[in-house]
Trainee: 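Here it is, the structure, as structure tokens.
Naming: A, B, ... by sequence-line order, numbering from 1 per chain. Values reported hereafter were calculated over all heavy atoms of this structure, with side chains retained and with hydrogens, waters and symmetry mates removed.
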Amino acid sequence: MAEGLPTNDAAAGSGPAGAAQAGRKLREVRIYDTLREQVVPLRPLVPPRVGMFVCGLTPYKPSHIGHARSFVFFDVVARFLRYLGYRVFYLQNSTDIDDKIIRQANEEGTDTFHVSERNFQLYLRNMEALGVRSVNLYARCTDYVPEIISQVRGLVDRGFGYAVEGGDVYFEVARFPKFGALSKQRLEAVQAGSRIEVDPRKRSPEDFALWKGAKPGEPWWESPWGQGRPGWHIEDTAITVNVLGPRYDLHGGGAELKFPHHEAEIAQAESATGLSPLASIWMHAGLLNMRGEKMSKSLGNVIPLDETLRQHNPAVLRYFLLSGLYRSPLDYVGAPSLEEAGRSFETLASPYRRLRQLWQDLSHANDLARKGPGLDGAVAERARATEERMVAALAEDFQLREATRELFNWGKEVNTLLGRTEHYSGDALSVLLAPYQFADEVLGFFPLDRTSAGPPASSGAELGPMVEIVLAARQRARSRGDFAEADRLRDELTAAGVVIEDTPKGPKWRPKGS
RNA sequence: GCCGAGGUGGCAGAAUGGUUAAUGCGACGGACUGCAGAUCCGUUUCUUGGGGGUUCGAUUCCCUCCCUCGGCUCCA
């Protein structure tokens, strides 16, 4: 939210957030659960708390825009639940030790910590640029090795895991009949489709590694099975059981993780704790595709997130990533996708920008309390209704597009009102701003206060004096009818990244991309 | 092969067993402007992959065929 804007009710404790403290019933949110294959109400184990875990990334390389889609979406999930008054603890892990990181470190001639930490820090910066700020704890796998070993040992003790020669420990899938329930896969079918050479030490091909014995030159930790490191799946359950408990409310991740990763999580955690279900609701975000195909290194179509954020307004990327149904694939065709999104975003943000400017003008003039024209009661009612419809859309399995549509419609109304007069009172402006503030708080549509399309531009402060001089010259040219000169000066300002708009009250300007 | 998602206007992309099938982008016309931009108003285009069925009525439910994409132990 831009500094100096009217305070949102929720933040002030008199709105929905205050409801929880007052012990009132929280608004019900319905979410599609992959396991049950239907939209179900979120019923927190310990209301109003919501434990939420989302599978994070393996930072062996800089993250790409596909990652951004999931993490931006789950950011909205956490923001929305908090807006409603749920007290969300959002946990995300980072797989900072695994085969790919080891390989990358060897290629670079450095160690795994450097590789994972460098990419993880870059990821955090990228997430910050995208306005993702709802995660309470990023848990690194290597910080939880004792918990991991303890959980593996527990599984071995209870007969779910078995150690083999070489220091590997496997989970015996045959001991967990529900394996496959989440992805609706049957084991026989899975075995038939296996692409991986079966390790002869495993009792069954579908058994997966809980712990891997260290090979020469690899990082290792001491364990009851010798020197080794965690298998891929175990860190998530070791971390969540310790941080969120044996059961929690929401588990999120990309759709491709359903099988085998999330199946393995269920098998591990429920076998280790004896409690079920591990997560009350399993959410899966649709993947981001490149021109209809998955994004993968072998196809050579991975778009680095960092590069994209340097070339485009992060707000536009965020808007684009949130523009479809979260469970469906989203197709990215490169820059044209973001250019179109940028035009849409401009339509969306422009009325907000106008309102915010008016508010700030009043604020600077210390005149917020003045008696300006108020608002028609019907307008105020429509503002409330707009916000309510946005809430309702999100409360029914996060229908982002529905919510956004409301904001477009609201923008049209705002533009019409501002076309009649701009002299509204502070109260009236805050009513008009409310739907935008909701969108900012929950959808994060206006991160870092950047509300127009395009790459970052120079700041208004450093351009200001030059622009004012040129603009004055252009006005003189216009008043003497020398429109050729006036247009030339406008072209120069445009080339310098300044957007000029003539209004009845004289020309206005702003840096492109601000 | 098995599991899953999907085929809607020029493009992106929603929705519902039943008034004119959202919204955005684009295009065209009008208002405004010296011009442009922004904004407003209006217009433009889909009968919802093919076929069959259920129904008073289906884009929405069922069957079938065609096509696309994803998962099947690296992957947000």
Side-chain angles (χ1 to χ4, degrees), chain A residues 34 37 54-58 60-61 63-74 92 95 98-100 103 173 180 183-196 198 205-209 232-233 252-261 263-264 284-289 292-298 302 305 320 323-325 327-331 333 336-337 339-348 350-351 354 399-402 404-409 411-412 414-416 418-420 478-479 481-484 486-487 490-491 494 499-504 507-508:
Chain A
T34 304
E37 296 182 274
V54 172
C55 290
L57 75 162
T58 301
Y60 74 111
K61 292 270 189 188
S63 47
H64 59 247
I65 62 173
H67 297 120
R69 188 196 183 187
S70 299
F71 296 127
V72 164
F73 170 67
F74 286 111
Q92 195 179 109
T95 306
D98 96 319
D99 292 345
K100 294 192 295 288
R103 195 185 321 131
V173 170
S183 57
K184 322 303 170 197
Q185 296 274 346
R186 286 179 309 167
L187 277 183
E188 315 84 76
V190 170
Q191 287 172 20
S194 174
R195 297 189 297 204
I196 296 295
V198 176
E206 67 272 20
D207 291 352
F208 56 85
W232 176 37
H233 312 295
E256 85 285 8
L257 295 177
K258 273 183 236 176
F259 189 95
H261 185 235
E263 299 284 7
H284 288 97
L287 299 188
L288 184 79
N289 295 146
E293 293 178 317
K294 73 174 292 190
M295 190 177 293
S296 74
K297 285 215 316 179
S298 55
V302 173
L305 179 56
F320 171 74
S323 65
L325 291 174
R327 287 192 273 139
S328 301
L330 178 64
D331 203 43
V333 300
S337 289
E339 285 158 12
E340 182 182 330
R343 287 190 292 271
S344 296
F345 183 74
E346 180 59 24
T347 300
L348 197 66
S350 153
R354 295 174 71 183
Q399 298 177 81
L400 301 162
R401 189 121 193 153
E402 288 290 308
T404 307
R405 175 176 59 185
E406 291 300 327
L407 205 59
F408 274 110
N409 290 338
K412 189 165 272 199
V414 167
N415 278 328
T416 301
L418 293 182
R420 290 183 200 140
R478 290 181 75 196
S479 59
D482 185 355
F483 296 117
D487 290 348
R490 181 171 60 195
D491 290 345
T494 302
V499 179
I500 303 296
E501 290 177 14
D502 290 323
T503 72
K508 285 187 175 177

Trainee: Is there, by distance only and without an angle test, a donor paired with an acceptor across the side chain of A:R490 and the base of B:C35 below 3.5 Å?
Mentor: yes
Trainee: If you round to the nearest 0.5 Å, how far is CG of A:L287 from CG of A:D331?
Mentor: 12.0 Å
Trainee: How many angstroms lie between CZ in A:R69 and OG in A:S323, if you round to the nearest 0.5 Å?
Mentor: 8.0 Å
Trainee: How long is the line joining CG of A:L330 and P of B:G6, in whole Å?
Mentor: 15 Å
Trainee: Under 4.0 angstrom, heavy atoms only, what part of the nucleic acid is A:L348 near: base, sugar-phosphate, or nothing?
Mentor: nothing
Trainee: Counting Watson-Crick and G-U wobble pairs with both distances under 3.5 Å, what is the dot-bracket string for RNA chain B, 5' to 3', using [ ] for crossing pairs and | for pairs to another strand?
Mentor: (((((((..(((.....[....)))((((((.......))))))....(((((..]....))))))))))))....
Trainee: When all nucleic acid strands are considered with a 4.0 Å heavy-atom cut-off, which category describes A:G253: base, sugar-phosphate, or nothing?
Mentor: sugar-phosphate
Trainee: Can you check the distance between B:G9 and B:U20, where both ends of the measurement are the C1' atom (answer in whole Å)?
Mentor: 15 Å
Trainee: Nearest whole angstrom, please: distance from the P of B:C69 to the CG of A:L288.
Mentor: 16 Å
Trainee: For a 4.5 angstrom cut-off between non-hydrogen side-chain atoms, does A:H233 reach A:P260?
Mentor: yes
Trainee: Reckon A:L287 touches a base, only the sugar-phosphate, or nothing at all at heavy-atom distances under 4.0 Å?
Mentor: base
Trainee: Please report, rounded to the nearest Å, how far the P atom of B:C69 is from the CG atom of A:N289.
Mentor: 10 Å
Trainee: Measuring from A:L325:CG to A:Q399:CD, what's the distance to the nearest 0.5 Å?
Mentor: 7.5 Å
Trainee: Can you tell me how far C1' of B:A76 sits from CG of A:L257, to the nearest Å?
Mentor: 6 Å
Trainee: Looking only at atom C1', what distance separates B:U45 and B:G4, rounded to whole Å?
Mentor: 33 Å
Trainee: OG of A:S63 to CZ of A:F71: how many Å apart, nearest 0.5 Å?
Mentor: 8.0 Å
Trainee: Would you indicate what A:N415 reaches in the nucleic acid, counting non-hydrogen atoms under 4.0 angstrom: base, sugar-phosphate, or nothing?
Mentor: sugar-phosphate
Trainee: When you measure from the side chain of A:D502, which nucleotide among B:A36, B:U39, B:G71 comes out closest?
Mentor: B:A36
Trainee: Expressed as a whole number of angstroms, how long is the span from A:F483:CZ to B:C35:C1'?
Mentor: 8 Å
Trainee: Distance between the C1' atoms of B:C35 and B:G49, in whole angstroms?
Mentor: 48 Å
Trainee: Between B:G18 and B:G51, how far is it from one P atom to the other, in whole Å?
Mentor: 23 Å
Trainee: Under a 4.0 Å N-O cut-off, is there an ion pair linking A:E402 with A:R405?
Mentor: yes
Trainee: Which sits closer to the 5' end of RNA chain B, A:F320 or A:C55, going by the nucleotide each is nearest to?
Mentor: A:F320
Trainee: Return the polar atom pairs (N/O with N/O) between nucleotides 22-25 of chain B and the protein under 3.5 Å, or none.
Mentor:
{"residue": "B:A22", "atom": "O2'", "partner": "A:R405", "partner atom": "NH1", "Å": "2.5"}
{"residue": "B:A22", "atom": "N3", "partner": "A:R405", "partner atom": "NH1", "Å": "3.1"}
{"residue": "B:U23", "atom": "O2", "partner": "A:R401", "partner atom": "NH2", "Å": "3.3"}
{"residue": "B:G24", "atom": "O2'", "partner": "A:S344", "partner atom": "OG", "Å": "2.1"}
{"residue": "B:G24", "atom": "N2", "partner": "A:E340", "partner atom": "OE2", "Å": "2.8"}
{"residue": "B:C25", "atom": "OP1", "partner": "A:T347", "partner atom": "OG1", "Å": "2.4"}
{"residue": "B:C25", "atom": "O3'", "partner": "A:R343", "partner atom": "NE", "Å": "3.3"}
{"residue": "B:C25", "atom": "O2'", "partner": "A:R343", "partner atom": "NE", "Å": "3.3"}
{"residue": "B:C25", "atom": "O2'", "partner": "A:R343", "partner atom": "NH2", "Å": "3.3"}

Trainee: Rounded to the nearest 0.5 Å, what separates atom NE2 in A:H284 from atom CZ in A:F73?
Mentor: 12.0 Å
Trainee: Could you state the CD-P distance from A:E406 to B:A15, rounded to the nearest angstrom?
Mentor: 14 Å
Trainee: Does the pair A:D99 and A:Y60 meet the rule for a side-chain contact (heavy atoms from CB on, under 4.5 Å), with working shown?
Mentor: CA-CA 9 Å; A:D99 292 345; A:Y60 74 111; over 6 Å; no
Trainee: When we call it a touch if two heavy atoms are under 4.0 Å apart, what does A:L325 touch: a base, just sugar-phosphate, or nothing?
Mentor: sugar-phosphate
Trainee: Write down the distance separating the P atoms in B:G71 and B:U23, rounded off to the nearest Å.
Mentor: 35 Å
Trainee: When the C1' atoms of B:U48 and B:C40 are compared, how many Å lie between them, rounded to an integer?
Mentor: 32 Å
Trainee: Do A:T34 and A:K258 have side chains that approach each other closer than 4.5 Å (heavy atoms only, starting at C-beta)?
Mentor: yes
Trainee: Say we look at B:C74 and B:A58: how far apart would their C1' atoms be, to the nearest angstrom?
Mentor: 44 Å
Trainee: On RNA chain B, does the nearest nucleotide to A:R327 precede the nearest nucleotide to A:K100 from the 5' side, or the other way round? Give the residue.
Mentor: A:R327
Trainee: Of the nucleotides B:C69, B:U73, B:C35, which has the atom closest to the A:D487 side chain?
Mentor: B:C35
Trainee: B:G34, B:A15, B:A76: which one has an atom nearest the side-chain heavy atoms of A:F71?
Mentor: B:A76
Trainee: Apply side-chain hydrogen bond (donor to acceptor under 3.5 Å, both in side chains) to A:H67 and list each qualifying residue two or more places apart in sequence or on a separate chain.
Mentor: none
Trainee: Atom CD of A:Q399 and atom P of B:G13: how far apart are they, to the nearest Å?
Mentor: 17 Å
Trainee: Classify A:G180 by what it touches in the nucleic acid, base, sugar-phosphate, or nothing, heavy-atom distance under 4.0 Å.
Mentor: nothing
Trainee: Write down the distance separating the C1' atoms in B:G50 and B:G37, rounded off to the nearest Å.
Mentor: 47 Å
Trainee: Counting only side-chain heavy atoms from C-beta out, which of B:A15, B:C3, B:U39 sits nearest to A:K184?
Mentor: B:C3
Trainee: Nearest to the side chain of A:H64 - B:A5, B:U39, B:A76?
Mentor: B:A76
Trainee: In whole angstrom, what separates A:E256's CD from B:C3's C1'?
Mentor: 16 Å
Trainee: About how many Å separate CG of A:L257 and CD of A:E263, when rounded to the nearest 0.5 Å?
Mentor: 11.5 Å
Trainee: For A:F320 and A:L330, which heavy atoms make the closest approach, and how far apart are they?
Mentor: O-CD2, 3.7 Å
